[in-house]
S.K.: 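Just passing along the structure, written as structure tokens.
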Amino acid sequence: MSLSSIRSWFSSSKTKLFYACSLFMLLLILVYPCCIYMCKQNTGLSYLLTSVIFALPIVGLSSLIHRKWIYWVVIAVLTIFSIAELTMVDLYGEYLLPGSIYSFIRTNSQEASEFYKTNLGEVINWIPVVMLCVISGLLYSIPKYLKWLEGVMLLLTILLPTGFVFYKMVGFYNNQLTLRYYVDKRILNRPPYNIVYQSLQTYNEIKKRKAVEHAKDINFGAKQVTKIDKKQVYVLAIGESLRYDNISLNGKYPRSTTPRLEALDNLVLFDDYYSQACLTMYSIPQLVTRATPDNYQLNFAERSIIEPFREAGFHTYTIVNNNLLSYEKYLSDGVDSLIIIHNVVKDGEILSGDKTIVHIIDSLVQEHDKLFILIQFYGNHSFFTNYEKEFDVYQPNSNDEEAMRDSILLINAYDNSILYTDYILSSIINVIDQPNTVSGFMFMSDHGEFIGNGGAGHGGNCTPLRTEYHVPYIFWWSKGYEDIFPEKVAMAKKNKQAKINGDCVFYSVCDMADIQLDSAYNQPTWSVVSPKFKEHQRLILVPDGVTTINPDI
């Protein structure tokens with residue numbers, strides 16, 4: 001072998017090595033924020049490995065770049081993305097979110113300057129990523145005789161993630177998730193795709209906010225048909241994670257979990273009511289607006305149920321537990337007053353929480369003659385700690401010290417929380433059941449709950465169990481109400497066994513108060529207290545926010 005051949009071989013080998021190192025450095029740039037996130041959140045090594053797999057397509061595409069200056073531009077942009085994610089992880093423990101991007105868009109130079117001055121030390125953490133960028137750019141050059149490798153590398157970096165996703169969807173999750181949900185929640189919401197994904201989410205959020213602003217100019221043409229000279233109080237109460245199967249009010253559950261509600265005469269439990277979603281973030285908007293699973297965007301285009309009551313001359317209040325976040329728009333838009341209850345627990349005693357709502361309602365009833373109250377409880381949210389000592393009936397349970405969270409212990413704690421919910425609901429009814437008062441009360445849970453060995457939960461499954469969407473829907477009325485609206489009471493009793501979905505709530509609550517909407521918005525066939533009520537197809541919006549399923553099929 002001649003000296004020139006040896007030099008050529010070493011030169012070619014060095015180029016190949018530099019090429020491989022350059023792409024490896026690029027991969028490190030892409031997953032560096034994931035490494036830091038893994039360390040801070042203790043997510044485990046598998047999180048990093050899947051992040052590497054998902055980042056491979058970008059490496060494969062970058063290997064096709066033949067001009068070095070273009071490669072420099074690409075890695076510079078990717079480095080900036082990585083630094084942005086790294087900063088968020090270091091400062092807040094999370095990746096970039098739409099709220100962060102929206103705040104950045106709306107910030108001014110003074111606020112930006114103060115932020116950078118306050119967090120100047122963060123620049124030191126950027127050094128490893130910047131060094132990787134510089135080294136990758138300097139080393140990058142494609143060997144002349146490895147052009148064929150480009151196609152092979154691109155093919156492998158696409159097939160490997162695709163195969164991994166297929167394994168996860170079919171083998172691991174057993175087709176319980178939709179592809180859309182898995183891609184959004186498991187791939188796009190982490191680096192290196194997160195910044196682009198969240199930018200699109202921010203754009204959509206800005207569009208939604210504009211739609212919400214436009215919705216303020218729209219009214220429902222609502223009016224109360226019957227003239228009532230007495231005090232009127234109507235309440236829509238939304239629970240959390242309460243499933244139908246565990247309430248003894250259904251006449252089937254062997255434990256007495258709802259004794260107070262069962263003692264009330266003027267009450268109907270609708271036995272076949274399904275929630276429209278198994279996540280609070282999707283369920284609540286569909287309960288308080290005219291949005292449906294197949295037209296979810298309507299919740300941004302129109303105002304909530306507060307608006308018809310406001311138009312009909314009611315004083316409107318929203319009371320919400322601060323542990324829940326959905327009050328930001330859906331429960332507060334247009335309301336006369338938003339009241340946020342802070343959960344305060346000391347030595348196992350609830351000093352402030354759902355029971356505080358009862359006292360607030362009592363004072364509001366004394367103050368107003370025409371009142372509508374919208375409530376969102378903390379309720380039966382896992383891991384089922386929301387109850388006081390006197391309701392700790394079923395033992396042992398998962399709240400006992402050093403107890404394991406197996407299914408029996410969880411159900412015991414869950415049933416204790418239902419006893420407490422029964423106490424809260426019956427207390428509210430007692431408060432609004434005043435002499436010479438026309439009162440109506442509707443309650444439903446936003447979704448149910450799965451409880452089994454190893455834990456409890458809801459919402460993440462795109463093929464939910466019936467316990468996750470079959471929830472209680474209760475209608476109570478005062479004697480004064482029945483005297484004026486005997487037909488509505490009769491229809492509620494008649495529809496006790498009817499197939500009902502969450503899309504009936506908006507119209508049923510309005511109809512409960514005898515509020516009629518303009519024909520463009522009215523839907524009397526979806527009101528459970530209307531003689532025109534008809535069953536219709538029930539749909540559930542799954543956690544990807546797009547796909548709907550029919551639970552009756």
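The first residue of the sequence shown is numbered 1, and numbering continues consecutively from there.
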S.K.: Would you indicate whether the side-chain heavy atoms of E468 and F450 approach each other to under 4.5 Å?
M.R.: yes
S.K.: So, taking the atom named CZ in F18 and the one named CE in M25, what distance separates them when rounded to the nearest 0.5 Å?
M.R.: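 Between atom CZ of F18 and atom CE of M25 there are 10.5 Å.
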S.K.: Okay, side chain of N194, backbone of L96: is any donor-acceptor separation there less than 3.5 Å?
M.R.: yes
S.K.: Under a 4.5 Å cut-off applied to non-hydrogen side-chain atoms, are D354 and I357 in contact?
M.R.: yes
S.K.: Which pair of non-hydrogen atoms, one from N386 and one from G379, has the smallest distance, and what is that distance?
M.R.: ND2-O, 3.0 Å
S.K.: Any side-chain heavy atom of N189 sitting closer than 4.5 Å to one from Y197?
M.R.: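 A side-chain contact under 4.5 Å exists here.
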S.K.: I'd like to know whether D90 forms a side-chain contact (heavy atoms from CB on, under 4.5 Å) with K40, so could you lay out the CA-CA distance, the side-chain angles of the two residues, the decisive distance to 0.1 Å, and finally the verdict.
M.R.: CA-CA 8 Å; D90 281 338; K40 285 183 173 289; 3.5 Å; yes
S.K.: When you measure from the side chain of K68 to the backbone N and O of L138, does any donor-acceptor pair fall under 3.5 Å?
M.R.: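 It does hold such a pair.
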S.K.: For Y193, is the OH atom crowded, meaning more than 12 foreign heavy atoms sit under 6.0 Å from it?
M.R.: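 Atom OH in Y193 is crowded, with more than 12 foreign heavy atoms closer than 6.0 Å.
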S.K.: Would you compute the distance between atom CD1 of I158 and atom CG of L155 and round it to the nearest 0.5 angstrom?
M.R.: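 I158 CD1 to L155 CG: 7.5 Å, rounded to 0.5 Å.
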S.K.: For C35 and L48, work out which heavy atoms get closest and say how close.
M.R.: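 Where C35 meets L48 most closely, the heavy atoms are SG-CD1, 3.5 Å.
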S.K.: Between T548 and D294, which heavy-atom pair has the shortest distance, and what is it?
M.R.: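 That would be CG2-N, 4.2 Å.
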S.K.: Would you give the length of the straight line joining atom CD of E85 to atom CD1 of I80, rounded to the nearest 0.5 angstrom?
M.R.: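 One finds 13.0 Å between CD of E85 and CD1 of I80.
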S.K.: Are V165 and L179 close enough that some pair of their side-chain heavy atoms sits under 4.5 Å apart?
M.R.: yes
S.K.: With no hydrogens and no angle check, is any side-chain donor or acceptor of N416 less than 3.5 Å from a backbone partner on V393?
M.R.: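 Looks like yes, one N/O pair under 3.5 Å.
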S.K.: Would you compute the distance between atom CG of L28 and atom SG of C34 and round it to the nearest 0.5 angstrom?
M.R.: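 Answer for the CG-SG pair, L28 versus C34, is 11.5 Å.
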S.K.: Would you compute the distance between atom CD of Q297 and atom CG of N299 and round it to the nearest 0.5 angstrom?
M.R.: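 These two atoms lie 7.0 Å from each other.
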S.K.: Is there a side-chain hydrogen bond (donor to acceptor under 3.5 Å, both in side chains) between Y71 and S136 once you walk through the steps?
M.R.: CA-CA 9 Å; Y71 184 77; S136 179; 2.7 Å; yes
S.K.: Take F166 and T162 through the test side-chain contact (heavy atoms from CB on, under 4.5 Å) and record every step on the way to the result.
M.R.: CA-CA 6 Å; F166 179 80; T162 303; 5.7 Å; no
S.K.: Between L298 and T289, is there a side-chain heavy-atom distance shorter than 4.5 Å?
M.R.: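 The answer is no; the side chains never approach within 4.5 Å.
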S.K.: Side chains of Q286 and V505: does their closest heavy-atom pair fall under 4.5 Å?
M.R.: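 Q286 does not reach V505 side chain to side chain.
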S.K.: Can a donor-acceptor pair be found, under 3.5 Å and without considering hydrogens, that links the side chain of N250 to the backbone of Y253?
M.R.: yes
S.K.: Go through the steps to decide whether I549 and T463 satisfy the test side-chain contact (heavy atoms from CB on, under 4.5 Å), and finish with yes or no.
M.R.: CA-CA 8 Å; I549 59 174; T463 55; 5.9 Å; no
S.K.: Start with the C-alpha distance between T50 and R186, add both sets of side-chain angles, then the distance that settles side-chain hydrogen bond (donor to acceptor under 3.5 Å, both in side chains), and finish with yes or no.
M.R.: CA-CA 9 Å; T50 53; R186 300 289 191 271; over 6 Å; no
S.K.: Has D446 got a side-chain atom pairing as donor or acceptor with I284's backbone, closer than 3.5 angstrom?
M.R.: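 No: the side chain of D446 does not pair with the backbone of I284.
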S.K.: Are any of the side-chain heavy atoms of Y414 and S417 separated by less than 4.5 Å?
M.R.: yes
S.K.: Hey, can you tell me if Y273 and Y473 have their rings parallel, tilted or perpendicular (30° and 60° cut-offs)?
M.R.: tilted
S.K.: So which heavy atom on P543 is nearest to which on Y181, and how close?
M.R.: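 Here P543 and Y181 meet closest at CB-CE1, 3.3 Å.
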S.K.: Does atom NZ of K207 have more than 12 heavy-atom neighbours, drawn from other residues, nucleotides or ligands, at distances under 6.0 Å?
M.R.: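 No, the 6.0 Å shell around NZ holds no more than 12 heavy atoms from other groups.
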S.K.: In this structure, are over 12 heavy atoms from other groups packed under 6.0 Å from R255 atom CZ?
M.R.: yes
S.K.: Return yes if some donor-acceptor pair links the side-chain N/O of E240 with the main-chain N/O of Q376 below 3.5 Å, else return no.
M.R.: no
S.K.: Counting N and O atoms only, with roles assigned by atom type, does the side chain of S51 sit under 3.5 Å from a partner on the main chain of Y47, one being a donor and the other an acceptor?
M.R.: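 Yes: the side chain of S51 pairs with the backbone of Y47.
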S.K.: Examine distances only and state if a side-chain atom of S275 and a backbone atom of C278 form a donor-acceptor pair shorter than 3.5 Å.
M.R.: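 Side chain of S275 to backbone of C278, a donor-acceptor pair under 3.5 Å: no, none is there.
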S.K.: Return the CG to OG distance between N204 and S199, rounded to the nearest 0.5 Å.
M.R.: 11.0 Å
S.K.: Would you please test Y387 and N399 for side-chain contact (heavy atoms from CB on, under 4.5 Å) and show each step?
M.R.: CA-CA 11 Å; Y387 58 88; N399 295 316; 3.0 Å; yes
S.K.: Please confirm whether Y274 and H470 have ring centers closer than 6.0 angstrom.
M.R.: yes
S.K.: Looking only at non-hydrogen atoms, find the nearest pair between I195 and I101 and report the distance.
M.R.: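 So the minimum-distance heavy-atom pair works out to O-CD1, 4.4 Å.
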S.K.: Which atoms form the tightest heavy-atom contact between Y296 and P285, and what is the distance?
M.R.: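 That closest heavy-atom pairing would be OH-CG, 3.6 Å.
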S.K.: Can you classify the ring geometry of Y420 versus F391 as parallel (below 30°), tilted (30 to 60°) or perpendicular (above 60°)?
M.R.: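 Rings of Y420 and F391: perpendicular, as their planes differ by over 60°.
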S.K.: Decide side-chain hydrogen bond (donor to acceptor under 3.5 Å, both in side chains) for T79 and W126; before the verdict, give the C-alpha distance in whole Å, the side-chain angles of both, and the deciding distance to 0.1 Å.
M.R.: CA-CA 9 Å; T79 299; W126 299 353; over 6 Å; no
S.K.: Looking at V542, is its backbone amide N or carbonyl O close enough to the side chain of T547 to form a donor-acceptor pair, meaning the two atoms are under 3.5 Å apart?
M.R.: no
S.K.: Can a donor-acceptor pair be found, under 3.5 Å and without considering hydrogens, that links the side chain of S352 to the backbone of H342?
M.R.: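 It does hold such a pair.
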S.K.: For the residue pair F164 and Y167, does the interplanar ring angle fall in the parallel (under 30°), tilted (30 to 60°) or perpendicular (over 60°) class?
M.R.: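 Geometry flag for Y167 against F164: tilted rings.
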S.K.: Is the shortest heavy-atom distance from the side chain of T292 to the side chain of L539 under 4.5 Å?
M.R.: no
